[in-house]
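Report on the following structure.
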Number of protein chains: 2
Amino acid sequence: MAQSNGRRTSRRGIYLKLRQMVLTLELPPGAALSENELAATLGVSRTPVRESLILLAQEGLVQVFPKIGSFVSRVDPAQVADAQFLREAVELASLDDLPPEPDPAVVEELRDNLNRQQHEDLGLEEFFDLDEAFHQGLMRLSGHGNVWTTVAAAKGHLDRARRLGLHENVSPAVFAAQHHEIFEAVVGGNTQLARTSMRNHLRAVFSDIERIRAHSPELFATDPSTVPVRRNVVVWE
Amino acid sequence: MAQSNGRRTSRRGIYLKLRQMVLTLELPPGAALSENELAATLGVSRTPVRESLILLAQEGLVQVFPKIGSFVSRVDPAQVADAQFLREAVELASLDDLPPEPDPAVVEELRDNLNRQQHEDLGLEEFFDLDEAFHQGLMRLSGHGNVWTTVAAAKGHLDRARRLGLHENVSPAVFAAQHHEIFEAVVGGNTQLARTSMRNHLRAVFSDIERIRAHSPELFATDPSTVPVRRNVVVWE
DNA sequence: CGTGCAGTGCTTGTATACAAGCACTTGTCG
DNA sequence: CGACAAGTGCTTGTATACAAGCACTGCACG
């Protein structure tokens with residue numbers, strides 16, 4: 001329910017850019033962020049950078065330690081589980097509010113989305129974008145499109161865990177098929193089938209994460225608050 | 001899932017104070033907020049005040065119009081409905097995850113909470129605090145206590161609408177009784193009854209709001225973005 | 001060789017200065 | 001009298017300066 005008015009400020013752009021970089025793991029979990037360094041790189045002053053980091057910190061994607069440093073937060077399994085519970089509760093409840101006659105425009109949009117998911121040479125980021133749009137479209141179908149904003153803001157840790165998973169192996173094809181199954185149940189008016197399909201889909205996504213955690217534990221937070229490590233000062237020349 | 005580390009900064013205190021004032025309607029919907037004025041009142045510089053307002057803006061409690069002004073956002077019926085849907089979905093789903101043997105400590109805490117709700121001379125703010133703690137306690141019972149943080153952050157508009165409602169008339173006694181009903185069903189292990197009780201309770205809270213909206217429409221937002229009005233410059237002496 | 005302590009360079013938090021713009025007031029001119 | 005334009009005072013956005021503190025380096029001394 002972020003209420004940002006459309007005015008263009010440099011902060012807005014920086015916030016979106018950093019957020020994207022964190023979610024896509026271009027800025028990996030644990031990476032050190034320096035307000036000064038980011039400001040220099042982006043060609044602005046500390047102020048808009050700092051304000052962006054504060055917003056990201058409130059979302060849980062960044063941790064700020066006063067007088068020490070700012071870091072991309074490690075993927076917290078507890079927050080992943082919380083986000084999983086949240087999205088499952090919301091998306092399933094949304095299915096109960098589907099109208100008898102869904103908006104044809106949205107249905108068409110979803111159908112087009114599914115077609116694109118089946119393309120052979122689909123990049124990972126493209127798939128994630130389509131996945132996001134698909135789930136949000138379903139929420140819009142039941143009139144709760146804006147609630148997706150809240151869910152999306154809360155599932156940053158889950159999204160990063162998913163990207164870790166799909167980076168390893170596993171083609172998106174399986175998930176695309178599940179999307180299709182959900183869609184057919186929805187347009188067919190079979191709410192019960194839609195619910196079970198959706199639940200299975202979301203749980204499958206979730207179970208993938210546990211596998212990854214055993215594989216790459218260093219990207220996950222172990223203790224509730226892992227100790228921040230100031231990076232060594234490296235001087236070039 | 002706000003990830004604020006415990007370090008004490010003046011921003012933290014200011015943010016919490018302003019948030020409280022907005023939620024309790026001490027700063028009423030539509031009120032103009034000036035960064036300079038707030039800074040002077042609180043005895044700090046613009047910086048921590050400004051950063052607090054940015055956070056409140058992201059929560060939707062404040063609207064910032066560059067070069068024009070900052071305002072406490074009017075209660076948006078759409079956001080109230082969104083929050084209602086969100087909390088209902090989450091709280092009902094949480095009941096499904098109740099363990100066979102609930103944590104005795106939390107159960108005791110809830111029982112104590114309910115006792116306090118029955119006090120005759122209970123102030124409104126005290127009731128709201130108890131109400132908040134009760135619902136959060138139920139979530140902790142099923143292991144989803146942290147998800148409540150996300151829900152709480154998203155339901156600012158709903159909370160303000162509720163306060164408008166209870167300011168008018170209606171004693172909290174009715175809601176306290178519903179709390180009791182839910183609690184008994186939970187400790188009795190009757191999940192189905194708990195669900196229906198919870199749903200009825202939340203819907204009762206929600207229906208109260210529609211009544212208020214007809215009564216005091218000026219506090220609600222009408223258009224998606226109501227036009228901000230710069231307050232007239234008043235000079236004393 | 002080991003230990004302690006000052007020094008250095010970074011970090012974020014806060015305060016302040018300047019820039020850009022909206023809305024209203026007021027003066028001036030037709 | 002009416003209308004237009006410059007002026008005034010506020011607003012937030014951005015840039016910069018200073019304050020406080022952590023972590024490490026490296027030297028001095030026992």
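Naming convention: chains lettered A, B, ... in sequence-line order (proteins, then strands); numbering from 1 in each chain.
- Taking the six-membered ring where the residue is Trp, His144(A) and Phe85(B) present parallel rings, their angle staying beneath 30° rather than reaching 60°.
- Atom pair Arg50(A):CZ and dC18(D):P shows a separation of 18 Å (rounding to whole Å applied).
- Regarding Glu35(A), its CD atom lies at a distance of 18 Å from the P atom of dG21(D), rounded to whole Å.
- Between Ser45(A) and dA15(D), a side-chain N or O to OP1/OP2 separation shorter than 4.0 Å is present.
- With sequence neighbours excluded, the residues that form a side-chain hydrogen bond (donor to acceptor under 3.5 Å, both in side chains) with Gln84(A) are Glu88(A).
- Ser70(A) has a side-chain polar atom (N or O) that falls below the 4.0 Å cut-off from OP1 or OP2 of dT12(C).
- Between Asn36(B) and the phosphate of dT11(D), there is a side-chain N or O to OP1/OP2 separation shorter than 4.0 Å.
- Regarding contacts with the backbone of dT12(C), every side-chain N or O of Arg46(A) stays at 4.0 angstrom or more from both OP1 and OP2.
- Side-chain N/O atoms of Thr47(A) include none lying less than 4.0 angstrom from OP1 or OP2 on dG13(D).
- Each salt bridge (charged side-chain N to carboxylate O under 4.0 Å, His left out) pair with one or both residues in residues 132-152 of chain B, not counting sequence neighbours, appears once here: Glu109(B)-Arg140(B), Glu132(B)-Lys155(B).
- Here the P atom of nucleotide dT12(C) and the CZ atom of Arg8(B) are 22 Å apart, to the nearest Å.
- For Ser94(A), the side-chain hydrogen bond (donor to acceptor under 3.5 Å, both in side chains) test picks out Ser142(A), with sequence neighbours left out.
- For the side-chain hydrogen bond (donor to acceptor under 3.5 Å, both in side chains) test, residues two or more places apart in sequence or in another chain that qualify with Asp131(B) are Arg162(B), His179(B).
- In this structure, the CG atom of Leu42(B) is 11 Å from the P atom of dA15(C), given to the nearest Å.
- Taking only side-chain nitrogens and oxygens, Ser34(A) comes nearer than 4.0 Å to OP1 or OP2 of dT11(C).
- Put simply, CZ on Phe71(A) is 11 Å from C1' on dC22(D), counting in whole angstrom units.
- In the helix from dC1(C)-dG30(D) to dG30(C)-dC1(D), the rotation axis of the first five pairs and that of the last five pairs differ in direction by 30°, rounded to 10 degrees.
- Between Phe65(B) and Phe71(B), the ring-plane angle classifies as perpendicular under the 30° and 60° cut-offs.
- Going from atom CG of Leu38(B) over to atom C1' of dT11(D) covers 13 Å, rounded to whole Å.
- OP1 and OP2 of dT12(C) both lie 4.0 Å or more from every side-chain N or O belonging to Thr9(B).
- For the pair Glu51(A) CD and dT12(C) P, the computed distance is 15 Å after rounding to whole Å.
- Taking every side-chain heavy atom of Lys67(B) into account, dT11(D) is the closest of dA20(D), dT11(D), dT14(C).
- Listed by chain and residue number, Arg116(A) satisfy the side-chain hydrogen bond (donor to acceptor under 3.5 Å, both in side chains) test with Asp112(A) (two or more places apart in sequence, or in another chain).
- Distance, Ile68(A) CD1 to dA23(D) C1': 9 Å, rounded to whole Å.
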